[in-house]
Amino acid sequence: MTSTIKIKTPLKKAIKSLVSVCLISGLLAGCGNSFLNRSGNTQSDPLATQSMAKVQQLLSSAEQSTGEEQDALRLDAVSILLEQQKTEEAKNILQQLSPNAQTGSNQGRYAVVQAQLALADMNAMKAFDWLDSPAVINNSDSQVGMRAYAVRAEAYALNKEYRAAIDEIMLAIPLQTEREKQLSYQKLWRYLLNVDSPTLDAMAANTSDTLLTGYIQLANIVKASDNIETQLQAFANWQQQWPNHPGHQQLPQTQQLLSKASQERPRKVALLLPRNGALKVAGNAIEKGFFTAYFHAQRSGAQVPEITPYDTTSVDPLAILNQAAAEGAQLAIGPLRKEAVQQLQNNAALPIPIMALNYANRGQAAGNRPFYQFGLSADDEARQAARQAIHDGHRFAVVVTPESDWAIRASEAFQQELQSLGGEVVGIGRFNEANNNYKAVIGRLMNVNASNARALEIQRLAGKDVQFSGRRRQDVDFVFLAASATQSRLVKPFLAYYFAGDLPVYATANVFSGVVNPQIDHDLNNIRFTGMPWLNDDFNDPLKDQIIEARRKNGTSYAQLYVLGIDAFRLYDRLSQLASLSGTQISGASGSLTMNQYQEIERTQPWYIFKAGEPQRLPSMTINQRSAQ
């Protein structure tokens, strides 16, 4: 026999009275202050209105029921309220239920709605704790399983683990009603847009599900960096191939955005790069990459803009931007110098849209200004390392970096991302290369000295030699490393020396010099790092040969700037698409490119691991520990 916790009488009367008023009046608008108007748009949304009517029905039926049936009805109402983002109302009803009094399938339902509530509070880790409980895993009710799959998918998505989210939503869909399926298709599409093309290709090769296959093909069309007209034709071909696919619901928005981008693409572009001074070589590499992509597009039959280069070596950036605008430019790409980018970022009025080729103050709202930033930043690699570590089941990190500005910025970006995903940085060690203090820094970071001190004190008290071995701290399960290849070759052995050789290490791209050298890189074995796509044998960019040649002739650093120029051209007519279709990734030569809320282009790169002193590609499809349960 089940029981419920009695809530305070005024609250119970208020809920009962609210239900009665809604039912007697027959007008859902009469409940607006409580259920309908909080999100501001429910009354104009027929599906939301139907959902709230269902909530009223469930609560009314619950008032006429007792025991397990009453709890089940209330749990169903709570689930709908949470889907409609009515968090406070859901909490009020959930307070009436005793977690220890739930039996049968209600145990699983209770855990699932608690997980939904955790997600409403942006707490994915707590949601996983509820979803991984025996009450859910061992529950035989198919509805509990379906809801658990759907909520787990959202938890993975909140942690930016979109590959795992896709697996879960695909498990939920066969168990859902038609209306639930329509909502899941929208979520599935959102998840797919956030997955890079190599991972999509791997998924397509390993599934026989026609629903997923059709969506993957559609997502790959969206991500293609071909010219817009080619994409629009590809959409038309997809529609013919998949006449009954639910992806037709998502296609019109994407087609409209691309058609608009085609019509509004800049016809004249100003390229703002330094021709002299300290940044001459960097400017030259970017310009060569830019025009390599430009002429490739032209040969392929794509529409290309008129390009006017401007030398920014010693010119005020706003003055040259005004000059370009006066001469008819509709978009400026550049400048490169960080100080110049910051000056433009802080300017309230820009004469034309601009895509800077560096980052100034990241995380600064652009407002309604057409100011975009794109560059090669270790910050993106650091955030990606945090996401991958969480994906692999790790949570507590120590950070090892040199005392340099770029590394400190990367470590801060890593820490912010890790904390947002429920992880924690438990220690930071910064070494000074000039002082060669690697050993001391890592020793303190791993807290081995405290272990030795305890052993010596025991030896002193015992009055005789005592056999002991050192021990590192136990509150850490992985290492984040932001350092050069030379520095990393010294860091890794000291990690092993201080009993941390078993900890997985995630690093930025700097850990690889760009030259395969097993003789000196064997100390880097098992380090995972993000790297440029060209390191991968199956890199299939149409400009692959030119990129490899640029790297062979001029080195890795030059080649990285060269691909920045390639991607800068590919993005010139895609800015509105990326800004309007949140989460969309476009395949670039420097990685998968997406735009965040601050109008910054972010890169996601493939993962590699050192084996026998050589970088090897990690598979795109990795199985999350929770997914494997």
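Just so it is clear, the structure is predicted and the values come from calculations on it, not from any experiment.
In this structure, the separation between CE on Met446 and OH on Tyr498 is 11.0 Å, given to the nearest 0.5 Å. Here the OH atom belonging to Tyr162 is positioned 8.5 Å from the CZ atom belonging to Arg387, to the nearest 0.5 angstrom. Between the CG atom in Leu212 and the CE atom in Met203 there is a gap of 4.5 Å [rounded to 0.5 Å]. Here the CG-CG distance, from Leu200 to Leu218, works out to 11.0 Å after rounding to the nearest 0.5 Å. Summarising the geometry, atom OG belonging to Ser484 is positioned 8.5 Å from atom CG belonging to Leu490; distances are rounded to the nearest 0.5 Å.
Within the 4.5 Å cutoff, no side-chain heavy atoms of Leu578 are placed close to those of Tyr372. In this structure, Asn554 and Tyr562 have side chains that are not in contact, with every pair of non-hydrogen atoms separated by 4.5 Å or more. Considering only heavy atoms from C-beta on, Asp132 comes within 4.5 Å of Arg152 through its side chain. Between Leu376 and Met532 there is a side-chain heavy-atom pair separated by less than 4.5 Å. Using a 4.5 Å heavy-atom threshold, the side chains of Gln474 and Phe396 count as separate. With a 4.5 Å cut-off on side-chain heavy atoms, Asn526 and Lys611 count as touching.
Here the rule is side chain to side chain contact (heavy atoms under 4.5 Å, CB included) with Tyr215, and of Asp209, Leu192, Asn220, Ile166 only Leu192 fits it.
Put simply, the side chain of Arg163 never gets that close to the backbone of Thr199: no donor and acceptor are under 3.5 Å apart. Gln384 places a side-chain N or O within donor-acceptor distance of the main-chain N or O of Gln605, the cut-off being under 3.5 Å. Judged by distance alone, the side chain of Arg383 and the main-chain N or O of Gln416 form no donor-acceptor pair under 3.5 Å. When atom types are taken as modelled, the side chain of Arg147 and the backbone of Gly108 share no donor-acceptor pair closer than 3.5 angstrom. Looking at Asn510, its side chain never comes within 3.5 Å of a backbone N or O of Ala483 through a donor-acceptor pair. Remark: side-chain polar atoms of Glu381 are not paired, donor with acceptor, to backbone N or O of Thr530 under 3.5 angstrom. Side chain of Asn346 to main chain of Gln342: a donor-acceptor pair is present (N/O by atom type, distance under 3.5 Å, no hydrogens or angles). Not one N or O on the side chain of Arg395 forms a donor-acceptor pair closer than 3.5 Å with the backbone of Asp477. Looking at Asn194, its side chain does come within 3.5 Å of a backbone N or O of Arg190 through a donor-acceptor pair. No side-chain donor-acceptor contact under 3.5 Å links Asn361 to the backbone of Gln364.
Of all heavy-atom pairs between Ile173 and Ser184, the closest is CG1-CB, 3.8 Å. Scanning both residues, Arg362 and Ile601, for their nearest heavy atoms gives NH2-O, 4.4 Å. When every heavy atom of Gly613 is checked against every heavy atom of Asn525, the shortest pair comes out as N-OD1, 2.8 Å. Here the shortest heavy-atom pairing between Ala612 and Pro518 reads O-CB, 3.6 Å. Taking all atoms of both residues into account, the shortest heavy-atom contact from Ala285 to Leu561 is CB-CB, 3.7 Å. When all heavy atoms of Asn159 and Ala124 are compared, the pair lying nearest together is OD1-CB, 3.4 Å.
Taking the centre of each ring, Tyr608 and Phe529 come in below the 6.0 Å mark.
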Report task. Just do the side-chain contact (heavy atoms from CB on, under 4.5 Å) check on Tyr572 and Met355 with the steps written out, would you? Result -> CA-CA 8 Å; Tyr572 92 92; Met355 182 174 70; 5.5 Å; no

Requested in this report: Show the numbers, then the answer: is there a side-chain contact (heavy atoms from CB on, under 4.5 Å) between Gln415 and Phe480?
Outcome: CA-CA 10 Å; Gln415 185 167 2; Phe480 171 65; over 6 Å; no

Requested in this report: Start with the C-alpha gap between Phe569 and Phe291, add the side-chain angles, then the distance that decides, and say whether ring pair (Phe, Tyr, Trp, His ring centres under 6.0 Å) holds.
Outcome: CA-CA 8 Å; Phe569 174 77; Phe291 279 106; 8.7 Å; no

Requested in this report: For side-chain contact (heavy atoms from CB on, under 4.5 Å), just list the numbers for Leu117 and Trp130, CA-CA rounded to whole Å, side-chain angles, deciding distance to a tenth of an Å, and then say yes or no.
Outcome: CA-CA 10 Å; Leu117 196 59; Trp130 282 105; over 6 Å; no

Report task. List the steps and the verdict of side-chain contact (heavy atoms from CB on, under 4.5 Å) for Gln577 and Val222. Result -> CA-CA 10 Å; Gln577 176 193 354; Val222 174; 4.0 Å; yes

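Partners of Tyr359 under the ring-ring contact (aromatic ring centres under 6.0 Å, His included) rule, at least two apart in sequence or in another chain, do not exist in this structure. Shown here are the ring-ring contact (aromatic ring centres under 6.0 Å, His included) partners of Tyr558, two or more places apart in sequence or in another chain: there are none. Residues satisfying the side chain to side chain donor-acceptor pair (under 3.5 Å) criterion with Gln373, sequence neighbours excluded, are absent altogether. The salt bridge (Lys or Arg N to Asp or Glu O under 4.0 Å) search around Arg489 returns Asp521, not counting sequence neighbours.
A salt bridge between Glu549 and Arg552 is present, with a side-chain N of the basic residue lying under 4.0 Å from a carboxylate O of the acidic one. Between Asp196 and Lys223 no salt bridge is recorded (no basic side-chain N to carboxylate O distance below 4.0 Å). By the 4.0 Å N-to-carboxylate-O rule, Lys544 lies too far from Asp541 to be salt-bridged with it.
Tyr191 and Glu154 are linked by a side-chain donor-acceptor pair at a separation below 3.5 angstrom, with hydrogens and angles left out of the test. Side-chain contact, Ser197 with Ser587: a donor N or O sits under 3.5 Å from an acceptor N or O. Side-chain atoms of Asp392 and Tyr506 form a donor-acceptor pair, as typed in the model, at a separation below 3.5 Å.
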List, one per line, each side-chain donor-acceptor pair under 3.5 Å for residues 589-599, sequence neighbours excluded.
unit_1, atom_1, unit_2, atom_2, d
Ser590, OG, Asp567, OD2, 2.6
Thr594, OG1, Thr584, O, 2.8
Asn596, OD1, Tyr598, N, 2.8
Asn596, OD1, Gln599, N, 3.3
Asn596, OD1, Glu600, N, 3.0
Asn596, ND2, Glu600, OE1, 2.9
Asn596, ND2, Glu602, OE2, 2.9
Gln599, NE2, Arg369, O, 3.2
Gln599, NE2, Phe371, O, 2.9

Without placing hydrogens or testing angles, list every side-chain donor-acceptor pair under 3.5 Å for residues 433-440, not counting sequence neighbours.
unit_1, atom_1, unit_2, atom_2, d
Glu433, OE1, Gln487, NE2, 3.1
Asn437, OD1, Asn432, N, 2.7

